[in-house]
Number of protein chains: 2
Amino acid sequence: MTQEPKELFKAQEFARLAGVTVRALHHYDKLGLLKPKQRSRSGYRLYSPRDFGRLEQIVVLKYLGMPLKQIRRLLEPDANLSQALQRQQAVLLEKRRQLDRAVAAIQGAQYSFAGRGEPDWNLLKYIVQEMEMQNNTDWTKKYYSAEAQAKVETRKPLWSPELQERVSREWATLFADVESALGEDPASPKAQELAARWKKLLGEFTGGDPQIQQGLNAMYADQSNWPPATQKAHAIKPEIIDFITKAMRAAR
Amino acid sequence: MTQEPKELFKAQEFARLAGVTVRALHHYDKLGLLKPKQRSRSGYRLYSPRDFGRLEQIVVLKYLGMPLKQIRRLLEPDANLSQALQRQQAVLLEKRRQLDRAVAAIQGAQYSFAGRGEPDWNLLKYIVQEMEMQNNTDWTKKYYSAEAQAKVETRKPLWSPELQERVSREWATLFADVESALGEDPASPKAQELAARWKKLLGEFTGGDPQIQQGLNAMYADQSNWPPATQKAHAIKPEIIDFITKAMRAAR
DNA sequence: GTCCGGTCTGACGTTACGTCAGGGTCAAGC
DNA sequence: GCTTGACCCTGACGTAACGTCAGACCGGAC
């Protein structure tokens, strides 16, 4: 008899030890990611402590959000873990940026009003479009130097609760101010000042200076195209966004 | 003739207008999420401006990370948008917390050494396990008051580049210090001080005070169970973690 | 012998489409 | 009238990481 390892575990026990499910073990087995050391005569999976070490690695890498395919490659003897971790981190950071944008959009729409009543569909749509544009305008990142990139990364403020409340209040007052200035000339200094405040505030949660999409005001102005659910959730008048858009265009 | 809307769009044009793919339109159609106003005799989908409004909503809600099923419910006339947004935000924030933990784990393992050489598997595993435990120990959140929760939320520091560098340096010196103290009694004041530093540093990126898992040192100590890939990526000696674990246990 | 808990192997369900495959449609040019 | 190229249609399979049955076998206890 060759010297057998001290212990072998059946599926359930083994799974509990590592904090995964039996089904996951089946899955990893089928993928060739983790095959049990042996099978019993009746076909039961029997895992060794060495298998446990491998499973632990899988669990850790999975925690870092890596896909199983990549994990399999990383568990090969000649894999470059350091590089993989670095890349994975970049992936995670990008995902987080996207999450931040979504969170900020909701924040903006939800708490922009002092009353904290209904979120505003128009504003939500507007913010999301701004962010998508900013996203697409990220050729800056691709074409500018690494240093510029680093600066961009650093500048990101990441909504603190304090910032959030402050911005929330500022939105509320800004809306009120714009509403009372609706009759003004969009090119007037007063309108320009409002537009500047708007732009600045938008920058607070888009994380960069926003580019204003030109053709949207028509969409916002014509409510007839809105499906019913949208029409209910309206606290901000389209005129407000319309006015601001015009004012910004006037500033060229 | 009844008054027809001014325009009808075929799939591609319509898709381009809204920034989605034709295939997505097919998908939404099949799901009943967005059915074109009409079909041509030959079966072509013909979308109206009103459909465009609906599609815009879909795109916005999708940007916020909502699943299509929920979006469909939200587009019904009696939906509660505000509530849905609030819930969605909670979902996003939770996801972001998870991302943060993963990022921090990589940071910790990757940059813990001054040399920035290889990441350390042991430390990585350790950190991840800490975080999982902290995750499971989140009954605090469930059972404590909302105010306590808010404080927890607020406290989160969110790795700034500066913090990251500082922590990175502190890890490096801490490892060196522990290594030179390996012969000491884990209960000695010196060891205790090291353990305290360790605990504090761990807290920096786990975002809370860590709970030390008792049964791990055996695992860390016995390298024979580690699969080959792991053994390469080792800069930190298991003795270091072993020592710290003992010191912390000695502190009871 | 039987019962209960554990294990096995398929196989379908999930999410939001991407990607063919096979086959009509439409307007333009010859 | 015919071809051509751009577009449209409807399946149907693939993706990631398992969850969730379903049907059948195994192993120890009573």
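Heavy atoms only: backbone and side chains are in, while hydrogens, waters and symmetry mates are out. Order of the sequence lines fixes the chain letters, A, B, ..., with proteins taken first and strands second; residue numbering starts at 1 for each chain.
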Q: Indicate yes or no: does B/K35 engage B/D29 in a salt bridge with an N to O separation below 4.0 Å.
A: yes
Q: Over 60° means perpendicular and under 30° means parallel, so classify the ring planes of A/F14 and A/F52, tilted if in between.
A: perpendicular
Q: Would you mind telling me which residue lines up with the more 5' stretch of DNA chain C, B/S40 or B/M66, judged by nearest nucleotide?
A: B/M66
Q: Compare the minimum distances between each of D/dA17, C/dC26, D/dC8 and the side chain of A/P67, then state the nucleotide with the smallest one.
A: D/dA17
Q: Round to the nearest Å and state the distance from B/R41 atom CZ to D/dC7 atom P.
A: 20 Å
Q. With a 3.5 Å cut-off and just heavy-atom distances, do the side chain of B/Y44 and the base of C/dG24 make a donor-acceptor pair?
A. yes
Q: Let me know the distance between CD1 of A/I58 and P of D/dA16, rounded to the nearest Å.
A: 16 Å
Q. Could you state the CZ-C1' distance from B/R16 to D/dC8, rounded to the nearest angstrom?
A. 14 Å
Q) With distance as the sole criterion, is a donor-acceptor pair present between the side chains of B/R54 and B/Q57 under 3.5 Å? A) no
Q: Report the nucleotide, chosen from D/dC7, D/dC26, C/dC8, that has the shortest atom-to-atom distance to any side-chain atom of B/Q12.
A: D/dC7
Q: Measure from CZ on A/F9 to P on C/dT7 and round the result to the nearest Å.
A: 13 Å
Q: Give a yes or no on whether a salt bridge exists between B/R101 and B/E94, defined as a side-chain N under 4.0 angstrom from a carboxylate O.
A: yes
Q: May I ask you to say whether A/E76 pairs ionically with A/R73, meaning some side-chain N is under 4.0 Å from a carboxylate O?
A: no
Q) Listed in order of residue number, which residues of residues 22-36 of chain B have a non-hydrogen atom at under 4.0 Å from DNA chain D? A) B/R23, B/H26
Q) Hey, does the side chain of A/Q88 reach the backbone of A/G65 with a donor-acceptor pair shorter than 3.5 angstrom? A) yes
Q. Rounding to a whole Å, what distance do you find between A/L8:CG and C/dT7:C1'?
A. 16 Å
Q) How many Å lie between CD on B/E13 and C1' on C/dC26, as a whole number? A) 15 Å
Q) How long is the span from the CZ atom in A/R72 to the CG atom in A/L74, to the nearest 0.5 Å? A) 11.5 Å
Q. A/R39 side chain N/O closer than 4.0 Å to the phosphate oxygens (OP1, OP2) of C/dT9?
A. yes
Q: Quickly work out the A/K10 NZ to D/dC26 P distance and round it to whole Å.
A: 13 Å
Q: Look at all strands and tell whether B/T21 reaches a base, only sugar-phosphate, or nothing, counting heavy atoms closer than 4.0 Å.
A: sugar-phosphate
Q. Between D/dC25 atom P and A/R45 atom CZ, what is the distance in whole Å?
A. 18 Å
**Q.** Phosphate OP1/OP2 of D/dA16: any A/K62 side-chain N/O under 4.0 Å
**A.** no
